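The residues of the chain are indexed from 1 along the displayed sequence. Just so we're clear, the structure is a prediction, and the values are computed from it rather than from any experiment.
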Amino acid sequence: MKIKVWDGGVRLFHWTLVVLFALSAYSAFQDKFGIYADMHLYSGFSVLVLVVWRILWGFIGGDTARFSRFVKGPRATIAYVGKAFRAAPYTRVGHNPLGAVSVVLMLGLLLAQCILGLYGTDAMFFEGPLARTIDSGFAEDLTEIHEWIGFTLMGLVALHLLAIVVYAVRRRTNLIGPMVTGKKDVAPGTAVPRTGHSLLALGLFGAVAAGLWFAIF
């Protein structure tokens, strides 16, 4: 049978983040003036809004969005990895323990990346909106860390894509479809998770966007 697993807020977050991360990564390798400077600045700010929203949604959203429902301890995660190599099915809906590690790591690195970007500078054409509030040498040091986190995130994205392929080939599991439609085929009798309310998600997003805009700009 097919049930709704992902609410609209989580799905919109996921695909919007894909686009914005691609824009941020692309503009990072261009000269930082004109359109590319604006692209990097505003795509980065938008990623920050999305990440802060997702962290908050992880506490007040639906069942599959809440960290308390899918983030497990080291023992449970290691046990899942062992089962995964034997192609044992994961019976619960939502993120599996290994996916939870990926989600938390991604959100943490993206948050750090965005915050560092606010204070970063290339000492030539581009500087973050808060770069002048700190020492210029320190800002350049933060920019170097910002760059290394960027490469790390690209590596994690590559691993994420590889995991999608592995699940599709080895376990005949489609991870993309449910993130598009919100629905997933599950065994009969599987409990239907409570999904988050769209108006609550929209209101939270608006509050986060407005608050960060006024705090930064």
Side-chain angles (χ1 to χ4, degrees), residues 1-23 46-73 76-77 79-81 83-84 86-111 153 156-210:
M1 69 177 192
K2 187 168 284 190
I3 63 173
K4 187 172 183 180
V5 175
W6 303 113
D7 59 51
V10 170
R11 286 179 284 140
L12 189 58
F13 159 82
H14 182 275
W15 296 113
T16 305
L17 182 60
V18 169
V19 174
L20 291 173
F21 182 81
L23 290 175
S46 299
V47 170
L48 177 60
V49 173
L50 285 176
V51 170
V52 172
W53 174 86
R54 180 62 183 89
I55 291 173
L56 295 175
W57 195 242
F59 294 99
I60 66 173
D63 290 343
T64 53
R66 294 198 179 204
F67 300 125
S68 61
R69 294 298 185 107
F70 66 84
V71 175
K72 306 299 180 182
T77 303
Y80 170 79
V81 172
K83 293 178 181 178
R86 296 194 297 271
Y90 185 69
T91 56
R92 296 185 62 182
V93 297
H95 293 297
N96 60 51
L98 194 57
V101 173
S102 176
V103 170
V104 172
L105 186 59
M106 276 278 198
L107 289 176
L109 287 176
L110 284 169
L111 181 62
L153 283 166
L156 288 175
V157 168
L159 285 176
H160 182 64
L161 295 174
L162 178 62
I164 291 174
V165 173
V166 170
Y167 269 75
V169 174
R170 180 171 173 77
R171 304 185 67 174
R172 302 293 190 271
T173 301
N174 180 4
L175 297 179
I176 296 178
M179 194 54 71
V180 174
T181 65
K183 297 180 179 180
K184 179 180 180 181
D185 286 315
V186 297
T190 301
V192 179
R194 181 188 61 84
T195 54
H197 199 286
S198 297
L199 288 180
L200 177 60
L202 183 61
L204 178 64
F205 179 82
V208 170

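Other residues, nucleotides and ligands contribute at most 12 non-hydrogen atoms within 6.0 Å of the CD1 atom of Ile176.
Within the 4.5 Å cutoff, side-chain heavy atoms of Leu110 are placed close to those of Leu17.
The two residues Asn174 and Pro178 have their closest heavy-atom pair at O-CD, 3.1 Å. Heavy-atom minimum distance, Lys2 versus Asp185: CE-OD1, 3.2 Å. Heavy atoms only, all atoms of each residue included: Trp53 and Val10 are closest at CH2-N, 4.0 Å. Minimum heavy-atom separation, Val180 to Arg11: O-NH1, 3.2 Å. The minimum heavy-atom distance between Val51 and Leu107, with the atom names listed, is CG1-O, 3.7 Å.
Partners of Trp57 by side-chain hydrogen bond (donor to acceptor under 3.5 Å, both in side chains), not counting sequence neighbours, listed by chain and number: Asp7.
With hydrogens and angles disregarded, a donor-acceptor distance shorter than 3.5 Å links the side chain of Trp15 to the backbone of Met179. Proximity of a side-chain donor or acceptor of Arg54 to a complementary backbone N or O of Ala65 within less than 3.5 Å is detected.
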Donor-acceptor contacts, no H, no angles, side chain residues 192-205, under 3.5 Å, sequence neighbours left out:
residue, atom, partner, partner atom, Å
Arg194, NH2, Gly61, O, 3.1
His197, ND1, Leu199, N, 3.1

Do Val157 and Met106 pass the side chain to side chain contact (heavy atoms under 4.5 Å, CB included) test, and can you show the C-alpha distance, the side-chain angles, and the key distance before you say yes or no?
CA-CA 9 Å; Val157 168; Met106 276 278 198; 3.9 Å; yes
Hey, mind stepping through Arg69 and Thr64 against side chain to side chain contact (heavy atoms under 4.5 Å, CB included) and telling me if it holds?
CA-CA 7 Å; Arg69 294 298 185 107; Thr64 53; over 6 Å; no
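Taking CG from Leu50 and CG from Leu20, the interatomic distance works out to 6.0 Å, rounded to the nearest 0.5 Å. Interatomic distance, Leu153 CG to His160 NE2, rounded to the nearest 0.5 Å: 12.5 Å.
Between His95 and Trp6, the two ring planes are tilted [angle within 30° to 60°].
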